[in-house]
Amino acid sequence: MEVEPGLVFEDNFPSMMAQLGVEAFMAELCAGFTMLMDVNKGLITFESLKRSSAVLGLHGVLGDDEILSMLREGDLDGDGALNQMEFCVLMMDLSPGLMRGRA
């Protein structure tokens with residue numbers, strides 16, 4: 001995923017997993033999904049992600065194109081939204097520290 005110039009994302013997943021353990025870390029990812037999802041659809045949609053951008057501290061930083069790009073990046077089944085599995089896979093893939101641990 002392309003990141004806007006000036007935006008810096010710190011990869012805290014490896015240290016979180018080390019502190020929490022795998023099961024608790026996965027529970028945290030699930031909680032993140034729940035926070036971002038449309039409660040009526042059970043999916044992260046464009047609208048729910050746009051609404052959640054304020055919670056993420058990204059209100060006014062992420063435009064519609066960036067939000068759509070984030071959804072496309074993780075949308076494995078092509079429905080235009082992220083289910084819980086797609087969200088977790090995307091989060092893991094976006095963590096260079098966790099990906100280095102896979103071999």
Side-chain angles (χ1 to χ4, degrees):
M1 177 185 337
E2 291 184 33
V3 177
E4 280 287 316
L7 283 181
V8 177
F9 293 98
E10 229 177 290
D11 183 10
N12 294 311
F13 281 1
S15 62
M16 285 176 64
M17 189 173 305
Q19 284 183 324
L20 297 173
V22 174
E23 287 184 34
F25 177 75
M26 292 308 294
E28 287 296 316
L29 278 183
C30 291
F33 172 81
T34 301
M35 181 182 76
L36 299 173
M37 77 176 189
D38 177 313
V39 294
N40 295 317
K41 296 180 180 177
L43 299 168
I44 296 175
T45 64
F46 171 78
E47 294 80 13
S48 71
L49 195 52
K50 189 169 182 165
R51 275 192 308 271
S52 299
S53 66
V55 174
L56 299 171
L58 299 172
H59 182 70
V61 175
L62 289 179
D64 290 356
D65 289 342
E66 288 87 6
I67 293 171
L68 287 170
S69 178
M70 290 169 71
L71 287 172
R72 279 192 297 270
E73 182 84 18
D75 184 13
L76 301 175
D77 62 11
D79 66 355
L82 301 179
N83 62 36
Q84 188 172 17
M85 187 271 308
E86 290 170 326
F87 174 76
C88 290
V89 168
L90 177 62
M91 292 297 97
M92 299 296 277
D93 284 348
L94 292 177
S95 172
L98 288 180
M99 297 315 311
R100 278 192 298 272
R102 279 191 194 174

Inset, instruction - Would you mind telling me which of L82, D77, N83 makes a side chain to side chain contact (heavy atoms under 4.5 Å, CB included) with D79? - result: D77
Inset, instruction - Answer whether the closest heavy-atom distance between the side chains of E86 and L43 falls below 4.5 Å. - result: no
Legend entry - Atom of S52, atom of L36 and distance for their closest heavy-atom approach: CB-CD2, 3.4 Å
Inset, instruction - For the residue pair M37 and I44, establish whether any side-chain heavy-atom pair is separated by less than 4.5 Å. - result: yes
Inset, instruction - Supply the atom-to-atom distance S53 OG to E66 CD, rounded to the nearest 0.5 angstrom. - result: 11.0 Å
Inset, instruction - Using atom types as modelled and distance alone, determine if a side-chain donor or acceptor of S69 lies under 3.5 Å from a backbone N or O of D65. - result: no
Inset, instruction - Measure the spacing between CZ of F46 and CZ of R51 and express it to the nearest 0.5 Å. - result: 10.5 Å
Legend entry - Point-to-point distance, once rounded to the nearest 0.5 Å, from CE of M91 to CZ of F25: 10.0 Å
Inset, instruction - Measure the spacing between SG of C88 and CD of E28 and express it to the nearest 0.5 Å. - result: 11.5 Å
Inset, instruction - Any chance you could measure L68, atom CG, to L49, atom CG, to the nearest 0.5 Å? - result: 9.5 Å
Legend entry - Reported OG1-to-CD distance for the pair T34 and Q84, which is rounded to 0.5 angstrom: 6.0 Å
Inset, instruction - Check whether any side-chain heavy atom of E73 sits under 4.5 Å from a side-chain heavy atom of L90, and report yes or no. - result: yes
